[in-house]
Amino acid sequence: MSGRSTFYVTTPIYYVNDVPHIGHAYATLACDVMARFKRLDGYDVHFLTGTDEHGQKVEKAAEAAGLSPQAFTDKVSQSFRDLIGVMNFSPDGFIRTTEKRHYAACQALWEKLVAAGAIYLGKYAGWYSVRDEAYYADSETEVGTDGKRRAGPVGNDVEWVEEPSYFFKLSAWGDRLLEFYDKHPRFIAPDSRRNEVISFVKGGLQDLSVSRTSFSWGIPVPGDPKHIMYVWLDALTNYITECGYPDESNPLWRFWPADLHIIGKDIIRFHCVFWPAFLMAAGVPPPRRVFASGWWTTEGQKISKSLGNAIDPVAATAEFGLDPFRYFLLREVPFGNDGDFQRRALIGRLNADLANSYGNLCQRVLSIVAKNCDGKVPPKGTLVAADAALLDRAKGLLAVVRAEFDEQAFHRALTSIWEVIADANRYVDAQAPWALAKTDPVRRDTVLWVLAETIRRITLLVQPFMPDSTAKILDQLAVPADARAFAAFDRELEAGTVLPKPQGVFPRFAEPAAAAS
RNA sequence: GGGCCCGUAGUUCAGUGGUUAGAACGAGCCGCUCAUAACGGUUAUGUCGCAGGUUCGAAUCCUGCCGGGCCUACCA
């Protein structure tokens, strides 16, 4: 009822077959930064994450662990909840697909699709490998020299199996999807992914099997409980479950359609083809934008369980600090590209960008203020051209950063901010306030005011990326809690405000010394 | 097989026809001393994957080749 614009951002819901790693942390971090930015910018924000807990794989993993599926998912889901604290994420909701509300939403959506004539009962047929307990596409199988068909040249024997299955008439949606992509050019990002999806849809769509009878850990099809809903129909629905679907009078329904689904590039088809088709068929508006993030490698190598080279967010934040880790992930790699996690690169960013440029800027300015200005914000005197130039660049940053956030171009937002940090460091050297202290205290005060004010603006904009560190810097500038949102971007520092004693916020990282020689 | 993308300084990348190809980090030198030995200035480094072609002119367009990646639907 606030009348503010809403902003709904979601992470993928994470499959509980895996413990959290950098990929999960990364996608959620991007959402978190997005959510924090929009909150600061005055939006009514809802940020959702959660876990995807159904399917045959979970059923088996639970069995292997000697637990019931529910007990197993309770346990693994908790490890994703724990990541929220570790990474200082700020979700407004956490959904589990095993919740009652989600069953209700999925079944309601199903019934809507049936009523719309989008679902029919047919037969799912394919090459089935008993050993693998999996179906293979025709193209994935080969007939060997002995005349037997196998899953690939060295795979297990497959046989032709048919089981009853409900189908979604995806084949009817090709043209409408293409029209939708055409009318909503921002729907899929980055562009390379958009091209991929469009060419996939242009290649023709087949009806999609949306139920299984081969396992039971899932949501039963209404009226035909032998059938369990296809896990993706189940999983995708979480985004509207959260908003109360099918109850459009739910207060959270105001957030639908979602403004942004951030996902991994592996699940783009589900989000960009199936999901809008399901929704349009059910008469629900599709989401506004899907952004596919890339993958991380480690020191040039693919992350794999056998190499044991996965980046553990808990270990990384413990060693380098939470905010530097958050900063690195979003600064190092253009969002949407694949990235390589290099220890050396992280330390380089930490020392060069955080300790030397930003941290040291704050420290040198606040120290001079503490020593020369009685620990208070100095008076702003007459501004000269150099002062106005720096202040104008800092002022202009909000619009620049806002535009980059609209594209999820986090690295460019940070680059723009850091250009002004470099300007500010140059300005310190050029104005030499330590020299002015002896010759012209009035001018010195103005210079220091300009610098403190510039740091204030910069720091407001860095808040989404590094919430804890920026809070400390804003504390040192005595910026009140109610003046930290962008609505207060132009509320300048007031002369005479008492400042606390400055303290370094981004210490340099030194490699633990090797054994003395 | 078909489709799409990429290959530019030690490193990460920007640059899609037009002056001596740019930035950051790293390296050398100089300056400063407020500051977390931080900051500023400055210098150097490239056959722009290879070979042809189009053009007055190509990193930028075309062709071929070499190298790398992604997509080619129902495991998430």
Side-chain angles (χ1 to χ4, degrees), chain A residues 12-18 52-58 60-61 124 126 132-137 139-140 165 167-168 170 190-212 230-235 264-270 273-274 294-295 331-334 337-340 342 344-345 347-349 351-372 411-412 415 418-419 421-422 424-437 444 447-448 451 502-510:
Chain A
I13 48 172
Y14 300 115
Y15 203 57
V16 294
N17 202 24
D18 202 357
D52 178 15
E53 311 191 1
H54 289 134
Q56 195 167 16
K57 281 201 172 180
V58 172
K60 296 207 164 165
Y124 181 61
D132 301 343
E133 296 182 82
Y135 280 95
Y136 290 92
S139 57
E140 290 174 307
S165 168
F167 282 83
F168 174 75
L170 186 62
D191 282 344
S192 53
R193 301 297 163 199
R194 181 183 157 77
N195 294 340
E196 237 168 66
V197 169
I198 288 174
S199 74
F200 171 77
V201 173
K202 278 186 176 161
L205 297 173
Q206 297 170 22
D207 288 348
L208 185 68
S209 166
V210 288
S211 76
R212 290 289 187 281
Y230 173 47
V231 285
W232 270 109
L233 179 57
D234 169 347
K265 65 181 184 181
D266 53 330
I267 54 177
I268 197 156
R269 175 171 313 139
F270 304 104
V273 181
F274 300 172
W295 291 137
R331 173 63 185 83
E332 182 69 3
V333 175
N337 288 11
D338 288 343
D340 188 34
Q342 292 182 349
R344 242 176 49 200
I347 293 169
R349 290 276 173 211
N351 286 338
D353 297 358
L354 300 183
N356 296 353
S357 295
Y358 183 35
N360 186 55
L361 172 68
C362 298
Q363 185 68 3
R364 67 197 301 209
V365 168
L366 290 169
S367 296
I368 306 174
V369 170
K371 286 177 192 163
N372 292 275
H411 68 296
R412 286 210 305 262
T415 304
W418 255 255
E419 279 172 9
I421 289 174
N425 270 318
R426 270 189 287 274
Y427 173 89
V428 178
D429 277 44
Q431 302 300 323
W434 53 89
L436 291 171
R444 171 204 66 195
V447 165
L448 292 175
L451 282 164
Q503 255 188 324
V505 171
F506 297 109
R508 281 184 68 83
F509 181 89

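To find a chain, count down the sequence lines: A is the first, B the second, and so on, and within it residues start at 1. All figures in this text were calculated on a predicted structure; none of them were measured in a lab.
Per the geometry, CG belonging to D353(A) stands 11 Å off P belonging to C39(B), to the nearest Å. What separates CG of D207(A) from P of C74(B) is a distance of 15 Å, to the nearest Å. We find that NE2 of H54(A) is positioned 18 Å from P of C75(B), with the value rounded to whole Å. When the P atom of U33(B) is taken as reference, atom CD of Q431(A) falls 15 Å away, rounded to whole Å. Straight-line distance from the CG atom of D52(A) to the C1' atom of C75(B): 12 Å, rounded to whole Å. G40(B) atom C1' lies 17 Å from atom CD of E419(A), rounded to whole Å. Taking atom CH2 of residue W418(A) and atom C1' of nucleotide A23(B), one finds them 17 Å apart after rounding to whole Å.
If you take atom P in C4(B) and the same atom in A58(B), they sit 27 Å apart, rounded to whole Å. Taking the P atom of each, C13(B) and G7(B) are spaced 10 Å apart, rounded to whole Å. Taking atom P in both A21(B) and A9(B), the straight-line distance is 14 Å, to the nearest Å. Nucleotides G57(B) and G52(B) place their P atoms 16 Å apart, quoted to the nearest Å. U72(B) and U55(B): their P atoms are spaced 42 Å apart (whole Å). Annotation: A35(B) and G22(B) have their C1' atoms spaced 31 Å apart (nearest Å). If you take atom C1' in U16(B) and the same atom in U11(B), they sit 25 Å apart, rounded to whole Å. Going from the P atom of C62(B) to that of C29(B) covers 46 Å, rounded to whole Å.
At least one side-chain heavy atom of R364(A) sits under 4.5 Å from a side-chain heavy atom of N425(A). Between Y15(A) and V58(A) there is a side-chain heavy-atom pair separated by less than 4.5 Å.
Counting non-hydrogen atoms under 4.0 angstrom, L205(A) reaches a base of the nucleic acid. Heavy atoms of F200(A) sit under 4.0 angstrom from at least one base atom. Contact annotation for R194(A): no contact, since no heavy-atom pair falls under 4.0 Å across all strands. Among the heavy atoms of the strands, none lies under 4.0 Å from G264(A).
Of the two residues contacting RNA chain B, namely F274(A) and Y14(A), the nearest-nucleotide position lying further toward the 5' end is that of F274(A). If A352(A) and R212(A) are placed on RNA chain B by their nearest nucleotide, the residue sitting closer to the 5' end is A352(A).
Remark: D207(A) engages no residue in a salt bridge (Lys or Arg N to Asp or Glu O under 4.0 Å) (not counting sequence neighbours). Taking D266(A) as the reference, nothing meets the salt bridge (Lys or Arg N to Asp or Glu O under 4.0 Å) condition, with sequence neighbours excluded. Among residues two or more places apart in sequence or in another chain, the salt bridge (Lys or Arg N to Asp or Glu O under 4.0 Å) test is passed with R269(A) by none. The ring-ring contact (aromatic ring centres under 6.0 Å, His included) search around F274(A) returns F270(A), not counting sequence neighbours. Not counting sequence neighbours, the partners of Y358(A) by the ring-ring contact (aromatic ring centres under 6.0 Å, His included) test are W418(A), F506(A). Applying the ring-ring contact (aromatic ring centres under 6.0 Å, His included) criterion to F167(A), with sequence neighbours excluded, gives Y120(A). In terms of the salt bridge (Lys or Arg N to Asp or Glu O under 4.0 Å) criterion, residue partners of K265(A) (sequence neighbours excluded) are, by chain and number, D338(A).
When Watson-Crick and G-U wobble pairs are counted only if both distances are under 3.5 Å, C32(B) pairs with no nucleotide at all. Summarising the base pairing, A58(B) is matched to no nucleotide, lacking a Watson-Crick or G-U wobble pair whose two defining distances lie under 3.5 Å. Pairing for G1(B) goes to U72(B), judged as Watson-Crick or G-U wobble with the two contacts each under 3.5 Å. Pairing for G17(B) is absent, with no Watson-Crick or G-U wobble pair whose two atom distances lie under 3.5 Å. A 3.5 Å limit on both hydrogen-bonding distances identifies G49(B) as the Watson-Crick or G-U partner of C65(B). A24(B) and U11(B) make up a base pair, with Watson-Crick or G-U wobble contacts both under 3.5 Å.
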Distances under 3.5 Å only, N/O to N/O: pair up the protein atoms with those of nucleotides 35-38 of chain B.
unit_1 : atom_1 : unit_2  : atom_2 : d
A35(B) : OP1    : K371(A) : NZ     : 2.5
A35(B) : O2'    : N360(A) : OD1    : 2.5
A35(B) : N3     : N360(A) : ND2    : 3.1
A35(B) : N3     : R364(A) : NE     : 3.3
U36(B) : O2     : F506(A) : O      : 3.4
U36(B) : O2     : R508(A) : N      : 3.3
U36(B) : N3     : F506(A) : O      : 2.6
U36(B) : O4     : G359(A) : O      : 3.3
U36(B) : O4     : F506(A) : N      : 3.3
U36(B) : O4     : F506(A) : O      : 3.4
A38(B) : O2'    : N356(A) : O      : 3.4
A38(B) : O2'    : N360(A) : OD1    : 3.3
A38(B) : O2'    : N360(A) : ND2    : 2.5

Subject >> Annotated protein contacts, base or backbone, on nucleotides 4-14 of chain B with a non-hydrogen cut-off under 4.0 Å, one of B, S, - each >> reply: -----------

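Between R269(A) and the phosphate of U72(B), there is a side-chain N or O to OP1/OP2 separation shorter than 4.0 Å.
Side-chain atoms of S211(A) never come within 3.5 Å of backbone atoms of S165(A) as a donor-acceptor pair (strictly under, hydrogens ignored). Here the side chain of N351(A) pairs no donor or acceptor atom with the backbone of R508(A) at under 3.5 angstrom.
In this structure, of C75(B), C34(B), C70(B), it is C70(B) that holds the atom nearest to the side chain of R193(A).
Atoms CG and CG, on L354(A) and N360(A) in that order, are 12.0 Å from each other to the nearest 0.5 Å.
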